[in-house]
Every structure is written in structure tokens, then in C-alpha cells.
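Okay, structure first, notes after.
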There are 2 protein chains.
Amino acid sequence: MEVLPAAGRWQEINEVDGMTTEAWEPVQRVRTYEQVMAQIEDRILDGRLKAGDKLPSERDLSALLGVSRPSLRESLRVLEALGIVDIRPGGGAEGGAVLVGEPGSGFVNLLKLQLALGQFDQTEVLETRIALETWCCEEAAQRATEQDHRELGLILDRMDDPDIGTAEFNRLDAAFHVRIAESTGNSLSAHLMGSLRTAINRQMIEAYARLENWKETATVVRREHRDILDALHRREPAEARRAVGDHIRSFYNIGNVEA
Amino acid sequence: MEVLPAAGRWQEINEVDGMTTEAWEPVQRVRTYEQVMAQIEDRILDGRLKAGDKLPSERDLSALLGVSRPSLRESLRVLEALGIVDIRPGGGAEGGAVLVGEPGSGFVNLLKLQLALGQFDQTEVLETRIALETWCCEEAAQRATEQDHRELGLILDRMDDPDIGTAEFNRLDAAFHVRIAESTGNSLSAHLMGSLRTAINRQMIEAYARLENWKETATVVRREHRDILDALHRREPAEARRAVGDHIRSFYNIGNVEA
DNA sequence: GCTGGTTAGTTGGTCTGACCATCTGATGTT
DNA sequence: AACATCAGATGGTCAGACCAACTAACCAGC
């Protein structure tokens, strides 16, 4: 933990170049908030700032950088939305902007909007999930520990509840897939996967809701999940890959009956 | 193209609840910029806003929403950083915030910082690339057109230049991999892949620069690229998958000799 | 009538200064 | 010692102002 001012000087952004207006040609407009972002990025990239460090207060930092508080705040807002800093109000040790070391909801925020805007479509999300999850299962079949197996089993057990609702079923479904990814030890894959899943969560729930006989679908899903877990238990990467691929494709076909 | 005010009323954010201060208990703090984001998100999600639409001017929109311009601007900054809107200064038809329909550099911005912060490490990026690229190659072996094959060949031809520098070689290398992904028709996978690659671009270049005999490495890389393209030509998914997996792993081993 | 320069208005970009709610931590009281 | 209180710091928000860049309409001159 380190408070910034002690970690070297911040460079003031508003530097005069004192030259004539000529020779100012292709240099595209750079907004001050971008320059602020750039300075913070640099300090992160070269290690002067690391996870857990706390930034100076908005007033201090804006003064250090020679920019106004609103501009500085625009930068902080972006960093917050990206999940880079965590901002808490209040004074003392608790308040302030802290660099976070754990991935947050940055991807989900991004993906949801990009999906809604039609930058990507649902089929692409599905295929990308298949790409990631087949690899994850393949690796999980080799890397997963007994503990991973147990926890995955517990999730499936909870999904066996005959009185379960679609919302909870869907939640556990997602948890199962993410848990597999996590058992590979690759948090990026796991996080990406989870984000993709979350981004289309709304559609998933609606798809479940559209099913008249969703209980039958649930039965199929339960069976396929068990198959996947069995393959992990038996440590058969190829079989695990096949099982999860079929599983995702099968659910996609069901859910898209009337899409 | 549609300018917003005509597309239904915006709901003012500052609504009084007129109640006593009691019964205000677990409702966690919601900042106005988040409420603005939420309203714009809603309009995107339900289709009232779509790619190509232009938002009202900052002054108008802030008035419509009943928030101050700085708060509104914080929201716009975030949407811009996420690649959701494109903001251009100046009046008339050119200026203003426009919703974009093409994925931009949102992922890269995010990944670079998350990587720098240690939220993920390089090995995870590598493995995720393998997950995505093996799938992409497998599919590309089935989906790629003759045109795709031609363009990929052209990229490899340019990499054959014996006088090529590391920077250009690396750039073409990335282009080759991304072009394969694009030939699957899955722009999400392609974009994710490209973003992962871009996020570690700096490290890639440094890795190349560290190699004393990088020419030899380049020879190996060229050969492996040709193998991959051959597999695509012959439309052998399994072979394409294997070739690209080996290729990535092989380069990783070389580049990490002294990492 | 057409061209070209001028001007008014709009837009985003930025800043200043102010006020509020909340939380911390020291102060002071019981 | 325990509690209540208050000053200060912090983030959250706002109003108003100015600037630079650009558009579009206007107008003078040919």
C-alpha cells in the first residue's frame, strides 16, 4: 500500500510549447482526461502504481497534474468503469480511489452494451463460449483437483432439486460452467467465460421462460452436466471437450426454437 | 439516423420521493452518472437507441435528464471509453455523440490495464489465445473462402521479406492470426483475439528484440505459418487446430527463455 | 447569379468555485 | 472508561462561465 505523492512527481499536463501556431498540423486533439489516463496508465505499466495502492484525493491529484477536478474525475470514472480502480466516498483510510487487483465487472459492462448495439450477435457469443469452454474442460480434465470435483458435484446436486425455479437453475448452471473454468487455474478464461455468460444472461432466462416443458429440458441439462463432470473425474480431456461442446450446442438449439 | 428527443421522453433523474427520511435504509448510493448510464443502456437494450443514432447535445441531454453537464459528461466519457459512442467536437451534423456499430478498442483498453495491474498474467493470456485460436483455425478450415486463403497467403508473402524488421514482422504476424479468426465470420472471437494480442504487443516486441538470432526464429515462424495455411487450404480442421496450437506454444517457449 | 469572406450560433472541452452527504478521528464531556 | 460531539477530509454534484472548433446562414463584391 502506497499513497502516490511519495512515489515520484506527477508531470503537469498543461505545458506551454511557446511556438508559433504554425507546425501544428497532424497532431490530433488530445483531451486532458486522456492525458490524465495516459499518466496513470504509464505509472501502472512501469510499476510505480500497483494493485492495492491508493491514489491521492481528487483535489490533490488534480492539483498535482495541473488539471481541473472535473477533468480528473472524468478519468477516474473511466478507470472505475473499467474495473481498474475502486472509489469509495468518505474521509480517512477508507475513502479514495484504490487500484484493484481482482477482475471485476468491466468485461460485462462492455459486452452487454456491445451486444445490445449489435456490434456482436448471440451466435458469436455462443461460438466464443464453445471455444473457451471446450478448452477449459479439456484442461480441467487434467488440472482439476479432488476439491474442484467435489464442489462441482455440490452445484449439480443443488440443481437436482425438483422444485427449483428457472432463475435459480440458470444461476447454478452458470456457476457450474464458471467453476469448471476456474478449476483450470486460468482466471482470464474463467472471467471471460463468465462475462460472456452474464452478458447474455437476460436472454438465457427469457429462453428458459419461453420453454413450455422446461422441466424436460432441465433433465437433459442435468444429464449432460453429469456427463461432463464424469469426464473430468475420469480425467479424459477429449471426452470432456466433446461433452461440453455438445452440451452448449444442444441447449442453444433448444433455446432458439422460436428465436 | 435519428436524433433522440424525437424518440420518446427522457425521464428526469432527480425525482423527489417526498417521504420522511426514515425507510431509507439499504438502498445503496447510486451516483447520478450511473443513473444516466442506466437510462442510455435501457434505451439501447430496448432498441430505442441503435447504432448510428446521434445523442442530443450535452446541454440538451443534461437538461432532459435533469442532471448537470459535468455528471452527464462523466457518463459520456465512460461510454466513449467502452467504445459505445463516438464523440466529435464541432457543431452541425458532424459534431455530437454517435452510437457506434463496430467494435473498437474497448477490450484493448481494458485488457492492457488489467494485465498491468496483475489481474491476469501473461500465461493466462497465452492459454486464452490458444483456446480461441485453435477453435478459430478449426472453423476456418471449414469456413474460409478462397479469398481468405489468398489474403492470408499475401500476408505470409510479405513476411518472407528477408530484410524485414522485428516490428513489421510482429505486425504481420498479428495480422495473420487475426485474419484467420476473421475468416470464421465470428467477429467477436476475432476481436477478442486481436485484443489479447494487442494487449501483449509490447511484450511480444520486447521478446523479439531480446532474441539474438531472431532471424532463425523468424524462419521457424514462417514455416509454422505455412503449415497452418496449408491445413486451411486442405480443409483439415484437426490438423489446423494442432498446427496453430503448436505454433503458439512454440513461440511462447522461445520468447520466454529469459522471462 | 455566383463566389468568397464574414458573422452568429452551436457543440464539445475545460475551468472555477461552491455546496452537500458521509465518514474519520480527535476532542471533550459525562 | 465510555460516550457524544465536532472539525476536517473526501467524494458527489451543481451552476456558470469561457474557449476553440465548426457549421450555416448571411452579405458584399465581382
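Residue numbers start from 1 in every chain, and the chains themselves are labelled A, B, ... in the order their sequence lines are given, proteins ahead of strands. Quick caveat: nothing in here was measured; it's all calculated off a predicted structure.
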Can you tell me if the side-chain N/O atoms of R31(B) get under 4.0 Å from OP1 or OP2 in dT13(D)? no

Nearest to the side chain of P70(A), heavy atoms from C-beta on, is which of dC15(C), dG11(D), dG13(C)? dC15(C)

Could you tell me the separation between the OH atom of Y33(A) and the P atom of dG12(C), rounded to a whole number of Å? 15 Å

Check this one for me: any side-chain N or O of S71(B) less than 4.0 Å away from OP1 or OP2 of dC14(D)? yes

Is there a donor and acceptor pair closer than 3.5 Å between the side chain of R59(B) and the base of dG12(C)? yes

Check this for me: does any side-chain nitrogen of one of R77(B) and E74(B) sit under 4.0 Å from a carboxylate oxygen of the other? no

Of the nucleotides dT16(C), dG12(C), dC14(D), which has the atom closest to the S68(A) side chain? dT16(C)

I need the full list of side chain to side chain donor-acceptor pair (under 3.5 Å) pairs touching residues 105-115 of chain A, with sequence neighbours left out, sorted by first then second residue. Q114(A)-Q119(A)

In whole angstroms, how far is the C1' atom of dT10(D) from the CD1 atom of I87(A)? 11 Å

Sidechain-backbone polar pair: E58(A) side chain, R73(A) backbone, donor-acceptor under 3.5 Å: no

So, OP1 or OP2 of dT11(C): does either fall under 4.0 Å of a side-chain N or O from S57(B)? yes

Please state how far atom CG in D86(B) lies from atom C1' in dG12(C), giving the value in whole angstrom units. 13 Å

To the nearest angstrom, the CG-C1' distance between L72(B) and dT13(D) comes to 13 Å

Under 3.5 Å, is there an N or O donor on one side and an acceptor on the other linking the side chain of R69(B) and the base of dT14(C)? yes

Nearest-Å distance for atom pair CG/P, residues D60(B) and dT10(C): 10 Å

Check: dG12(D) base within 3.5 Å donor-acceptor of R77(A) side chain: no

Side-chain contact check for E58(A): nearest option of dG11(D), dT14(C), dC14(D) is dG11(D)

Measure NZ/K54(B) against C1'/dT23(D) and give the value in whole Å, please. 11 Å

Using a distance-only test with no angle check, is there a side-chain donor-acceptor pair under 3.5 angstrom linking E124(A) and S189(B)? no

Can you check the R73(B) CZ to dG12(D) P distance for me, whole Å? 17 Å

Taking CG from L79(A) and P from dG11(D), how many angstroms apart are they, rounded to a whole number? 14 Å

Can we say E80(B) and R31(A) salt-bridge, meaning some charged N sits less than 4.0 Å from an Asp/Glu carboxylate O? yes

Tell me which nucleotide among dC15(C), dT11(C), dT13(D) gets nearest to the side chain of T32(A). dC15(C)

